[in-house]
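Nothing here was measured: the structure is a model prediction, and the numbers come from that model. Just so it is clear: chains get the letters A, B, ... in the order the sequence lines come, proteins before strands, and each one is counted from 1.
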Amino acid sequence: MKIASWNVNSLNVRLPHLLDWLAQAQPDIVALQETKLEDAKFPAEALAQAGYHSVFTGQKTYNGVAIVSRMSSVPEPEDIQIGIPGFEDPQARVLAASYGGLRIIDLYVVNGQAVGSEKYDYKLRWLAAAHDWIAAEHARHPELIVLGDFNIAPDDRDVHDPAIWNENSILTSTAERAALQGLLDLGLVDSYRLFEQPPEQFSWWDYRAAGFRRNLGLRIDLVLASQALKPRISAAGIDREPRTWERPSDHTPVWLELAPA
DNA sequence: ATGGTAGTCTAACTA
């Protein structure tokens with residue numbers, strides 16, 4: 001069972017890429033971020049024709065998350081949760097659903113803009129709320145996957161230049177990394193690091209300054225899995241190919257492979 | 001060179 005995450009940066013623009021990638025990679029479940037679509041405009045029919053069921057929560061212009069699941073191999077989603085319970089948030093960043101016994105939590109973590117900014121403060125408050133909710137979700141659902149655009153690079157191996165992306169930089173600051181560690185301390189593992197990986201592999205490259213061509217990237221898209229699932233994870237990686245396509249998202253898909261129970 | 005590009009929407013924001 002292949003489970004993936006992809007920040008598509010406008011599903012309206014990227015639907016052809018998503019459909020191509022679904023056909024090529026044959027994932028069972030894909031968590032999407034930055035759909036930038038109101039629910040009424042979500043392309044559920046096109047995805048259904050491709051064999052994928054959709055759950056989604058979006059808004060105009062910004063944010064928006066969705067989970068698509070292959071109808072031929074995955075049960076219908078149940079127990080759908082939109083947003084973090086008890087955390088007032090006008091931004092559509094969180095979606096959870098259960099597929100059989102498997103709980104999936106799709107996160108589009110706040111970017112934070114700059115350390116010390118108002119948006120940074122919102123990012124840290126958002127992460128604290130997410131932490132407490134995910135703790136409760138984990139207790140209810142031992143088979144848990146938390147994936148998405150975390151907007152945090154876990155450590156120096158996950159940035160092209162640790163001198164630039166340091167303890168005072170957005171996406172790598174001490175408080176952000178501590179918040180990510182807090183999520184891992186709930187009993188989640190960064191699936192990518194369970195396996196030997198080539199160096200300098202990233203999931204996001206800035207559109208500016210030819211970031212992709214020069215591989216000036218960060219690994220900020222993560223697939224975290226609970227301890228109960230860990231023995232079943234047979235592979236994990238980053239599929240950088242969609243980032244080479246014409247008019248790409250600035251992110252590329254990340255994935256893990258889960259063996260049957 | 002304190003920039004650059006992309007998406008949404010046509011000004012200015014978010015990333």
Quickly work out the [X] [atom1] to [N] [atom2] distance and round it to whole Å.
| X | N | atom1 | atom2 | answer |
| --- | --- | --- | --- | --- |
| A:Asp206 | B:dA15 | CG | C1' | 8 Å |
| A:Trp204 | B:dA6 | CH2 | C1' | 12 Å |
| A:Leu171 | B:dT14 | CG | C1' | 13 Å |
| A:Glu246 | B:dT5 | CD | P | 17 Å |
| A:Ile164 | B:dG3 | CD1 | C1' | 14 Å |
| A:Arg214 | B:dG4 | CZ | C1' | 10 Å |
| A:Ile152 | B:dA15 | CD1 | P | 14 Å |
| A:Tyr207 | B:dT14 | OH | P | 18 Å |

Checklist entry - For the side-chain contact (heavy atoms from CB on, under 4.5 Å) test, which of A:Ile220, A:Leu224, A:Asp221 pairs with A:Phe150? => result A:Leu224
Checklist outcome for this item: Comparing A:Asp149 with A:Pro248, nearest DNA chain B nucleotide closer to 5' gives the residue A:Pro248
Next on the checklist: Heavy-atom nearest nucleotide on DNA chain B for A:Asn9 versus A:Asn111: which residue maps closer to 5'?
Outcome noted: A:Asn9
Next on the checklist: Using a heavy-atom cut-off of 4.0 Å across all strands, would you classify A:Phe212 as base, sugar-phosphate, or nothing?
Outcome noted: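 Nothing, no nucleic acid heavy atom in range.
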Next on the checklist: Need one value for A:Arg93: base, sugar-phosphate or nothing, where a base atom within 4.0 Å counts as base even if backbone is also close, heavy atoms only.
Outcome noted: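 Sugar-phosphate contact only.
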Item to check | B:dT10 versus B:dT14 - spacing of their P atoms, nearest Å | outcome: 15 Å
Next on the checklist: I'd like the C1' distance from B:dA15 over to B:dG4, given in whole Å.
Outcome noted: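 About 13 Å, rounded to a whole number of Å.
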Checklist entry - Between A:Ser117 and A:Tyr122, do the side chains contain an N or O donor and an N or O acceptor separated by less than 3.5 Å? => result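 No.
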Next on the checklist: Can you confirm if the NZ or CZ of A:Arg93 lies within 45° of the ring axis of A:Tyr108 and under 6.0 Å from the centre of its six-membered ring?
Outcome noted: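 Yes, cation above the ring, under 6.0 Å and within 45°.
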Within the pair [X] and [N], is there a side-chain N or O less than 4.0 Å away from OP1 or OP2?
| X | N | value |
| --- | --- | --- |
| A:Arg14 | B:dG7 | yes |
| A:Lys60 | B:dT8 | no |
| A:Ser10 | B:dA6 | no |
| A:Arg247 | B:dG7 | yes |

Checklist entry - Quick one: are the ring centres of A:Trp6 and A:Trp255 less than 6.0 Å apart? => result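 No, ring centres 6.0 Å or more apart.
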Checklist entry - With sequence neighbours left out, what residues match A:Trp133 under ring pair (Phe, Tyr, Trp, His ring centres under 6.0 Å)? => result none
